[in-house]
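Okay, structure first, notes after.
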Amino acid sequence: MKASRLAVAICSLLFALTATAQTPPAATLTENPVFQKNCAKCHGKTGEGRHFAGPSLVSEKTTSTSADELRDIITNGKHHMPKFAGKLTPEEINTLVQQITASKK
Ligand code: HEC
């Protein structure tokens, strides 16, 4: 009994470690730790935007924006949107772009 409980504990610990150690391409924008860490403070934890901060990233307008343009906005910034070149890797930015366009309904 004790041994199996220990095994479960080790498994969940390993899972937690591998889940946080790398930044895996998460399934959706809001599950992506890169988004929660860098973008949620302005665009909201749900990506729906916050008043006076950032616009919704799940709106028709944003999800219909071309991948190239989204990548440009995130990399180089736009008005009050800070640039993330140098803060995020091109791969991390690509993942964000894919997740934004993927949430198009
Ligand atoms: C300091 C607040 C702030 C942070 C942090 C921030 N943004 Fe923004 N973002 C904005 C604002 C403000 C705009 C609107 C810019 C404009 O068009 O005037 C914007 C616009 C955008 C747009 C364009 C939306 C559209 O439809 O035109 C995208 C895409 C975007 N942000 C993605 C991100 C991502 C991804 C991150 C995290 C890597 C992020 N933002 C972090 C404030 C922020």
Side-chain angles (χ1 to χ4, degrees):
M1 281 305 158
K2 243 184 162 184
S4 70
R5 251 207 264 155
L6 187 66
V8 169
I10 290 172
C11 282
S12 33
L13 185 69
L14 280 178
F15 179 76
L17 283 178
T18 47
T20 49
Q22 330 128 335
T23 38
T28 67
L29 186 67
T30 52
E31 284 166 15
N32 186 342
V34 174
F35 173 83
Q36 293 300 347
K37 188 163 167 265
N38 297 284
C39 324
K41 65 171 181 274
C42 291
H43 291 284
K45 280 189 181 3
T46 59
E48 284 164 0
R50 292 183 63 190
H51 293 293
F52 312 115
S56 169
L57 297 184
V58 293
S59 68
E60 180 74 37
K61 175 182 170 285
T62 305
T63 56
S64 304
T65 306
S66 76
D68 282 344
E69 203 173 319
L70 291 173
R71 195 177 300 116
D72 183 60
I73 294 170
I74 299 169
T75 307
N76 302 314
K78 186 181 171 190
H79 307 290
H80 292 288
M81 161 79 192
K83 64 175 178 149
F84 283 88
K87 289 187 218 160
L88 298 177
T89 65
E91 291 76 29
E92 286 172 326
I93 293 176
N94 270 336
T95 303
L96 289 165
V97 168
Q98 278 165 18
Q99 288 168 338
I100 291 169
T101 51
S103 58
K104 185 175 163 71
K105 288 180 191 97

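Order of appearance sets the numbers: ligands from 1, and atoms from 1 within every ligand.
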Please name the pair of heavy atoms, one in [X] and one in [Y], separated by the smallest distance, quoted to 0.1 Å.
X: T65; Y: K61; result: OG1-O, 2.8 Å
X: F35; Y: L96; result: CB-CD2, 4.0 Å
X: L57; Y: S103; result: O-OG, 4.3 Å

Between Q36 (side chain only) and E31 (backbone N and O only), is there a donor and an acceptor less than 3.5 Å apart?
no
Go through the steps to decide whether T62 and L70 satisfy the test side chain to side chain contact (heavy atoms under 4.5 Å, CB included), and finish with yes or no.
CA-CA 8 Å; T62 305; L70 291 173; 4.0 Å; yes
Which N/O atoms of ligand 1 sit under 3.5 Å from a protein N/O, and at what distances?
unit_1   : atom_1 : unit_2 : atom_2 : d
ligand 1 : 7 (N)  : H43    : NE2    : 2.7
ligand 1 : 9 (N)  : H43    : NE2    : 2.8
ligand 1 : 26 (O) : K61    : NZ     : 2.9
ligand 1 : 26 (O) : T62    : OG1    : 2.6
ligand 1 : 27 (O) : K61    : NZ     : 3.0
ligand 1 : 31 (N) : H43    : NE2    : 2.9
ligand 1 : 40 (N) : H43    : NE2    : 2.7

Throw together a table of side-chain donor-acceptor distances under 3.5 angstrom for residues 78-88, partners on residues two or more places apart or in other chains.
unit_1 : atom_1 : unit_2 : atom_2 : d
K87    : NZ     : K83    : O      : 3.4

